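Please read the structure below before turning to the comments.
This structure is a prediction, so every number in the text was calculated from the model and none was measured. Positions are given from 1 along the sequence.
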Amino acid sequence: MYFDVKRFSVSDGPGTRSVVFLKGCPLRCRWCHNPESQDFATEIFFDPSKCIGCGACSAICPECNYQENGIHVFDRSKCSRCGKCADSCFAGALEQIGYKKTPEEIMAEVIADKPFYGEHGGLTVSGGEPMAQFAVMKRLMEIARANGISTALDTSGLADWKLFEEILPLVDDFLYDLKAIDAEKHRKLTGVDNKLILQNLFKLDKLGARIHLRCPIVPGSNDSIDDLRLIAETANHCHNVCSINLECYHPLGEEKYLKLDRTPPYTGKYISPEEKAYYVELLQRHTCVPVLS
């Protein structure tokens, strides 16, 4: 189950890359900008501002789509998530999120873009949490390797260590997400403990994995001087961390929550260039690892 293939990305690993987003995640980060990635099943976005009241969706699926007083109503309690309503919605008010394809079908798109990857680009498997669909993720990596395509894995680190051991020979770069180093804060912000996450990070580093730390910076949540100092100390503890990528908060995910009829658990504003520079400068005081933003 995947929900997107992003082509020609330059922010998801070295070089130009195709990014396959697998669906499903065990974390519930309060600031998540892809809430449609959390559920393992197909979901339906509904944007009432785009609805023109044509009734095409009601005609194809009357059980979950109907109108009241001329206004379209999307009743999720009756929705089977079949996606037929989205297929019929030419106004784009309804959108299916999540599709099933084989790794071979997905990789056909990735392989087609091979001429654009250059020396450093390739495939990045992201999510959700791709380790949660391990067999699929592993097969994507195997096909990439068989076709001479570089591989990167974007992971929260929350998975059994044996799975990381198994996938290690197939991954060129680990894009390793660190939400917060303080254990209590991590649980509060993501819903899970970070003990296993940090253990896996240090084990990967010890085995020589090439690691790029990806650290979301969310105002009022994990942007204090202590938070940044702990990120730097964690990077310093490792020997194979190539960079620290600051993923500054943006509010684009808030609209997605509304399209899923969910209340955004966190709302904020874009981080300014001046604020980004401040975070970078704070980190660089405590580490020699390159800090990117």
Side-chain angles (χ1 to χ4, degrees), residues 1-7 9 12 18-52 54-67 72-110 123-141 143 153-156 158-159 190-192 252-265:
M1 179 67 73
Y2 79 104
F3 68 96
D4 196 11
V5 177
K6 180 181 177 183
R7 304 167 71 187
S9 171
D12 294 282
S18 292
V19 188
V20 176
F21 292 88
L22 299 182
K23 211 168 181 309
C25 184
L27 281 72
R28 290 296 180 268
C29 303
R30 295 182 66 247
W31 57 82
C32 182
H33 63 276
N34 283 329
E36 74 276 24
S37 73
Q38 296 174 0
D39 198 316
F40 285 87
T42 295
E43 296 177 281
I44 305 294
F45 273 165
F46 175 51
D47 184 351
S49 68
K50 293 182 179 179
C51 179
I52 60 175
C54 66
C57 56
S58 301
I60 198 169
C61 188
E63 291 187 356
C64 65
N65 296 284
Y66 56 95
Q67 294 188 17
H72 176 85
V73 176
F74 180 36
D75 187 348
R76 292 183 184 275
S77 67
K78 299 179 181 179
C79 178
S80 65
R81 306 188 186 190
C82 68
K84 292 179 180 178
C85 60
D87 289 340
S88 70
C89 184
F90 56 85
L94 292 159
E95 180 184 355
Q96 179 177 336
I97 306 297
Y99 301 86
K100 284 187 176 181
K101 281 189 177 182
T102 66
E104 288 75 13
E105 290 172 325
I106 294 173
M107 284 302 297
E109 291 187 54
V110 176
L123 166 72
T124 297
V125 185
S126 186
E129 173 49 64
M131 293 293 283
Q133 289 196 56
F134 183 78
V136 174
M137 183 269 294
K138 182 182 177 183
R139 183 60 185 146
L140 293 171
M141 297 292 190
I143 297 172
L153 175 64
D154 186 359
T155 178
S156 69
L158 189 64
T190 71
V192 301
L252 299 179
E254 296 174 20
E255 182 180 350
K256 295 181 179 182
Y257 277 102
L258 299 178
K259 290 181 180 179
L260 292 169
D261 289 336
R262 294 165 57 187
T263 300

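Considering every non-hydrogen atom in both Asp12 and Thr124, the closest pair reads O-OG1, 2.6 Å. Closest of all the heavy-atom pairs between Pro130 and Leu153 is CG-CD1, 3.5 Å. Taking every heavy atom of both residues into account, Lys101 and Ile106 meet most closely at CB-CG1, 3.8 Å. Across every non-hydrogen atom of Cys32 and Pro35, the tightest pair is SG-N, 3.7 Å.
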Check your understanding: Checking side chain to side chain contact (heavy atoms under 4.5 Å, CB included) for the pair Thr190/Arg28: CA distance, chi angles, key distance, verdict?
Key -> CA-CA 5 Å; Thr190 71; Arg28 290 296 180 268; over 6 Å; no
Check your understanding: Hey, mind stepping through Asn34 and Lys256 against side chain to side chain contact (heavy atoms under 4.5 Å, CB included) and telling me if it holds?
Key -> CA-CA 7 Å; Asn34 283 329; Lys256 295 181 179 182; 2.6 Å; yes
Point to revise | salt bridge (charged side-chain N to carboxylate O under 4.0 Å, His left out) between Lys259 and Glu95, worked out | key: CA-CA 9 Å; Lys259 290 181 180 179; Glu95 180 184 355; 5.1 Å; no
Practice item. Test Cys57 against Phe74 for side chain to side chain contact (heavy atoms under 4.5 Å, CB included), laying out the working first. Key: CA-CA 10 Å; Cys57 56; Phe74 180 36; over 6 Å; no
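Side-chain atoms of Glu129 come within 3.5 Å of backbone atoms of Ser156 as a donor-acceptor pair (strictly under, hydrogens ignored). At least one donor-acceptor pair under 3.5 Å links the side chain of Gln133 to the backbone N or O of Met1. Under the 3.5 Å distance criterion, the side-chain polar atoms of Lys23 are matched with a main-chain donor or acceptor of Glu36. In this structure, Ser9 contributes its side chain and Lys6 its backbone to no donor-acceptor pair below 3.5 Å. Although no hydrogens or angles enter the test, the distance criterion places no donor-acceptor pair under 3.5 Å between the side chain of Arg139 and the main chain of Glu104. A donor-acceptor contact shorter than 3.5 Å is absent between the side chain of Arg262 and the backbone of Tyr257. When atom types are taken as modelled, the side chain of Thr42 and the backbone of Gly98 share a donor-acceptor pair closer than 3.5 angstrom.
How far OG1 of Thr263 is from CG of Leu258: 7.5 Å, rounded to the nearest 0.5 Å. A distance of 5.5 Å separates CD1 of Ile44 from SG of Cys79, quoted to the nearest 0.5 Å. In this structure, the separation between CE on Met107 and OG1 on Thr102 is 11.0 Å, given to the nearest 0.5 Å. In this structure, Lys84 NZ and Gln96 CD are separated by 11.5 Å, a value rounded to the nearest 0.5 Å. Here the SG-CD1 distance, from Cys89 to Ile52, works out to 7.5 Å after rounding to the nearest 0.5 Å. Rounding to the nearest 0.5 Å places OG of Ser37 at 11.0 Å from CG of Asp4.
Below 30°, between 30° and 60°, or above 60°: for Phe3 and Phe21 the angle between ring planes is between 30° and 60°, a tilted geometry.
Side chains of Val20 and Glu109 form no contact here, defined as non-hydrogen atoms less than 4.5 Å apart. Residues Arg81 and Asp39 have side chains in contact (heavy-atom distance under 4.5 Å, counting atoms from C-beta outward).
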